[in-house]
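Heads up: the structure comes next, in structure tokens.
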Amino acid sequence: MAFILFYDGLCPLCEKEVSHLLKRDKEKRIQFEDISLPDFPERYPELNLDDLNARIHGQLEDGTMITGLDVTHKAWSLVGVGWLYAPLRWPVIRWFADHFYIFFAKHRYRISYWLTGKERCEGNRCDISARSSKK
């Protein structure tokens with residue numbers, strides 16, 4: 001079983017990160033699950049969509065759930081560049097990074113608009129599935 005990354009498929013910045021992860025995930029060590037798909041609640045009835053929308057979640061191979069920047073660090077580690085995110089997990093920096101991430105997650109659509117000019121993906125869906133099927 002691969003590491004499962006639960007992401008918001010309506011968020012342009014989330015789409016950018018997942019897109020970059022997909023390009024680097026040559027060994028398919030990450031399973032990407034878009035929480036905004038209509039069938040998501042049927043496939044994962046044990047997960048709470050409000051919690052998933054509040055911050056990114058990931059499920060380790062043993063079933064343990066992790067959240068926030070721990071997910072980001074784990075995903076990038078699996079594709080060989082976890083060292084870029086490792087400082088965000090260092091004790092003093094971690095506290096500040098986690099609080100910044102919570103702010104970012106809460107305001108990700110507005111921040112996406114400021115940085116990309118798009119608040120939500122076109123047609124209310126980012127086109128990650130098309131890219132992942134080309135791998």
Side-chain angles (χ1 to χ4, degrees):
M1 179 170 122
F3 173 67
I4 304 172
L5 189 150
F6 300 97
Y7 71 94
D8 177 0
L10 299 177
C11 167
L13 288 177
C14 306
E15 182 271 340
K16 292 278 187 212
E17 184 168 17
V18 169
S19 172
H20 290 297
L21 283 165
L22 278 165
K23 287 178 195 172
R24 290 185 162 276
D25 191 19
K26 305 288 186 219
E27 296 176 30
K28 298 187 182 198
R29 299 179 74 188
I30 305 171
Q31 176 183 328
F32 298 90
E33 292 290 343
D34 181 351
I35 66 170
S36 69
L37 291 174
D39 69 338
F40 181 84
E42 295 168 23
R43 292 185 297 113
Y44 292 95
E46 71 281 9
L47 300 180
N48 181 301
L49 275 175
D50 290 333
D51 291 344
L52 294 171
N53 268 309
R55 64 176 59 194
I56 193 168
H57 282 64
Q59 186 172 28
L60 302 175
E61 291 183 14
D62 68 2
T64 303
M65 294 295 283
I66 59 175
T67 63
L69 291 174
D70 289 335
V71 175
T72 302
H73 181 250
K74 176 67 175 178
W76 286 104
S77 294
L78 288 171
V79 299
V81 290
W83 58 271
L84 287 170
Y85 293 87
L88 299 177
R89 304 294 75 207
W90 294 348
V92 174
I93 296 170
R94 179 185 193 110
W95 186 89
F96 291 100
D98 287 347
H99 281 79
F100 176 78
Y101 172 78
I102 291 167
F103 175 84
F104 166 81
K106 183 176 182 177
H107 302 285
R108 66 187 176 273
Y109 297 121
R110 182 173 295 130
I111 294 168
S112 288
Y113 178 75
W114 292 336
L115 296 176
T116 69
K118 293 191 297 185
E119 187 172 327
R120 292 186 182 238
C121 291
E122 311 243 342
N124 287 332
R125 181 85 42 231
C126 296
D127 192 21
I128 292 174
S129 61
R131 279 180 250 191
S132 65
S133 63
K134 293 178 185 176
K135 289 177 33 174

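Below, each value reflects all heavy atoms present in this structure, side chains not excepted, and no hydrogens, waters or symmetry copies.
Criterion: ILVMFWY side-chain heavy atoms under 4.5 Å apart, direct or through other members. Under it, Val92 and Leu69 are not part of a common hydrophobic cluster. Under the 4.5 Å side-chain heavy-atom criterion for ILVMFWY residues, a single connected hydrophobic cluster contains both Leu47 and Leu49. One hydrophobic cluster holds both Val81 and Ile30 under the rule that ILVMFWY side chains link at heavy-atom gaps under 4.5 Å. Under the 4.5 Å side-chain heavy-atom criterion for grouping Ile, Leu, Val, Met, Phe, Trp and Tyr, Ile35 is not connected to Ile102 through any hydrophobic cluster.
In this structure, Leu78 and Asp25 have side chains that are not in contact, with every pair of non-hydrogen atoms separated by 4.5 Å or more. The shortest side-chain heavy-atom distance between Ile111 and Phe104 falls under the 4.5 Å cut-off. His57 has its side chain within reach of Asp51: a pair of non-hydrogen atoms, C-beta onward, lies under 4.5 Å apart. Counting only heavy atoms from C-beta outward, the side chains of Ile66 and Phe3 approach each other to under 4.5 Å. With contacts defined as side-chain heavy-atom distances shorter than 4.5 Å, the pair Arg29/Leu21 does not qualify. When side chains are defined from C-beta on, Tyr7 does not count as touching Val71, because their heavy atoms never get closer than 4.5 Å. Contact of the Trp76 side chain with the Leu84 side chain is not registered, since no non-hydrogen atoms from C-beta on lie closer than 4.5 Å. The closest side-chain heavy-atom distance from Tyr109 to Asp8 is below 4.5 Å.
The distance from the CG atom of Asn48 to the CG atom of Asp50 is 5.0 Å, given to the nearest 0.5 Å. Note that CD of Gln31 and CZ of Phe6 are 7.5 Å apart. Values are rounded to the nearest 0.5 Å. To the nearest 0.5 angstrom, Lys23 atom NZ is 5.5 Å from His20 atom NE2. Here CD of Glu17 is found 5.0 Å from OG1 of Thr72. Values are rounded to the nearest 0.5 Å. Rounding to the nearest 0.5 Å gives a distance of 9.5 Å between CD1 of Ile4 and CD of Glu61.
Residues Arg24 and Val79 share a closest heavy-atom pair of CB-CB, 3.7 Å. Of all heavy-atom pairs spanning Ser112 and Cys11, the tightest one is OG-SG, 3.8 Å. The two atoms that bring Ala105 and Arg55 nearest to each other are CB-CA, 4.3 Å, heavy atoms only. The two residues Phe40 and Asp34 have their closest heavy-atom pair at CD1-O, 3.7 Å. Heavy-atom minimum distance, Leu5 versus Ala75: CD1-CB, 3.7 Å. Across all non-hydrogen atoms, the minimal contact from Ala2 to Lys28 is CB-O, 4.2 Å.
Asp39 is linked by a side-chain contact (heavy atoms from CB on, under 4.5 Å) to Leu37, Glu42, Arg43, counting only residues two or more places apart in sequence or in another chain. Applying the side chain to side chain donor-acceptor pair (under 3.5 Å) criterion to Asp70, with sequence neighbours excluded, gives Arg89, Arg94.
In this structure, the side chain of Tyr101 engages the main chain of Ile56 through a donor-acceptor pair within 3.5 Å.
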Next on the checklist: I'd like to know whether His107 forms a side chain to side chain contact (heavy atoms under 4.5 Å, CB included) with Trp114, so could you lay out the CA-CA distance, the side-chain angles of the two residues, the decisive distance to 0.1 Å, and finally the verdict.
Outcome noted: CA-CA 11 Å; His107 302 285; Trp114 292 336; over 6 Å; no
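Between His99 and Trp95, the angle of the ring planes lies from 30° to 60°, which puts this pair in the tilted group.
In this structure, Phe100 has its ring center no closer than 6.0 Å to that of Phe96.
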